[in-house]
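A short write-up of the structure that comes next.
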Amino acid sequence: MSRLSTARILLTVLRAGNARARLRATRDGQAAVRLNTGAAAVRTGVLDALAGGPAATSELARRLGTPEEDLLAAFLRVLESVGLVRAEDGGRWSLTAGGRAVADDDLVRASHEAFAGFHTGLYRELEPLLAGGPRRRDVVEHGGVIARVSTAFEPFVDDVLRETVAAVAPRRVLDVGCGAGLQLATMLATAPRAEGVGVDADADAADLARRTLADRGLAGRSQVLRGDVRDLVGGAEAPFDLVLLANVVYYVPVGERVALLRSLAELIAPGGTLLVVTTVATPQLTSRHFDLLLRAQEGATELPHTDVLVGQLVQAGLEPAAPRRIAPGMPLVAVAVVRPG
Ligand SMILES: C[S@@+](CC[C@H](N)C(=O)[O-])C[C@H]1O[C@@H](n2cnc3c(N)ncnc32)[C@H](O)[C@@H]1O
């Protein structure tokens, strides 16, 4: 193609409409396809099947139990074009380094599952929601994936958590909505004589937490209960020297938050600490999106504004320290509250 005709085409494209909006739509569309391709590669088991070693399409179809070899071959070509698999000499397929990075990293797998699934499903189903249709039940239906995706926050929570454990020197810790159990494990590893209880409403998350604690040799000093914290607080064996509420408060209906914070405070020994970590409402896209996702759920949930959360802690009879942003550029806040001795 000559330079002149390339320039003429470019000019036609630029004059045809809003070039920036058109380019963005195409680019975002391709990113969406890429995300869904990765999610499908995880969901169909293609990546796991190839993690066992290279295979021809027919062998792969046998491993996956699919009769649709043509469709599988076309899907593999898509995976090749996004860089997850490669075709080797002899017609066999193998994982690229990028494909292996998805297959081997549970956070990457869970992120594909969550973002291609309920996170973007929200927008596909917004019309019936706006028409007054039934609300979403993501925590009930996807609790395990939510717990796995939340592990992305762990490095940011880690510092403040270790610092708090060092200051409190707890003998008993409670992790409310413990998810994958990483933070309960950190608290117990940082306080080698402490015992800990994790509570999570989701069965998959509770199992995951038990596995995390067992893998780290902490099963003997910990217990993971499955249940809603609002039902368990009265029954939990108090007192605790440190109670962690990390990325959970926004799943509790707004009208119930003060009562929850008050009952958690009652579980804390005098001089002990409640540490609240949460994503907060800001104008950032991640925050706005998550707030909409929460508002679309059953029950009146939403992301807290930092000052509103502080007000709720005060209403619960507590004296919170100044909130701290704990992740650069991200709407993640930690608030520590010491129960007077
Ligand atoms: C976003 S994850 C956070 C997990 C972990 N705390 C972290 O920071 O990585 C929220 C967890 O809270 C659990 N959860 C939500 N509402 C709960 C409730 N009312 N009682 C107990 N667990 C709850 C969910 O099942 C999920 O595992």
Side-chain angles (χ1 to χ4, degrees), residues 106-107 110-111 113-115 117-119 136-162 164 173-188 196-213 222-236 242-261 263-264 267 274-280 286-287 289-291 293-294 297-304 326-327 330-335:
D106 190 62
L107 176 54
S111 299
E113 225 176 297
F115 288 110
F118 65 93
H119 271 280
R136 301 176 64 87
R137 305 179 76 232
D138 291 327
V139 194
V140 177
E141 289 168 9
H142 309 289
V145 181
I146 290 172
R148 286 161 60 212
V149 171
S150 283
T151 61
F153 289 113
E154 202 239 341
F156 304 107
V157 180
D158 199 65
D159 268 1
V160 71
L161 197 53
R162 285 176 191 276
T164 309
V173 300
L174 172 66
D175 188 352
V176 177
C178 62
L182 296 180
Q183 281 123 16
L184 181 54
T186 298
M187 290 193 278
L188 293 177
V197 177
V199 177
D200 203 288
D202 184 81
D204 290 342
D207 284 346
L208 198 55
R210 287 186 195 108
R211 278 204 299 281
T212 301
L213 292 157
S222 60
Q223 188 190 4
V224 178
L225 309 173
R226 192 225 156 166
D228 190 308
V229 61
R230 289 163 291 180
D231 303 330
L232 285 180
V233 272
L242 176 56
V243 174
L244 174 67
L245 186 68
N247 284 315
V248 180
V249 73
Y250 43 69
Y251 289 122
V252 176
V254 177
E256 297 178 29
R257 288 182 190 171
V258 173
L260 173 68
L261 295 169
S263 44
L264 289 180
L267 298 178
L274 168 65
L275 182 64
V276 182
V277 176
T278 181
T279 302
V280 289
T286 46
S287 177
H289 157 67
F290 194 26
D291 182 57
L293 189 60
L294 289 167
Q297 306 296 317
E298 274 181 359
T301 61
E302 62 186 48
L303 269 190
I326 57 170
M330 279 161 53
L332 192 65
V333 160
V335 190

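For ligands, and for the atoms within them, numbers begin at 1 and follow the listed sequence. Numbers here are sequence positions counted from 1. For the numbers below, each heavy atom of this structure counts, side chains included, while hydrogens, waters and symmetry mates do not.
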Exercise. Do the non-hydrogen side-chain atoms of L213 and L188 ever get within less than 4.5 Å of each other?
Worked result: yes
Exercise. Taking all non-hydrogen atoms of both residues, which atom of A205 and which atom of D202 are closest, and how far apart?
Worked result: N-OD2, 2.8 Å
Problem set entry | Under 4.0 Å from ligand 1, counting heavy atoms only: the protein residues, by chain and number | V139, I146, A147, S150, G177, C178, G179, Q183, D200, A201, D202, A205, G227, D228, V229, R230, A246, N247, V248, Y250, Y251
Exercise. Under a 4.0 Å N-O cut-off, is there an ion pair linking D207 with R211?
Worked result: no
For this session: For R137, enumerate each residue passing the side-chain hydrogen bond (donor to acceptor under 3.5 Å, both in side chains) test, keeping only those at least two apart in sequence or located in another chain.
Result: E298
Problem set entry | Pairs flagged by side chain to side chain donor-acceptor pair (under 3.5 Å) wherever residues 248-257 is involved - sequence neighbours left out | R230-E256, N247-Y250
Problem set entry | With R226 via salt bridge (Lys or Arg N to Asp or Glu O under 4.0 Å) - residues at least two apart | none
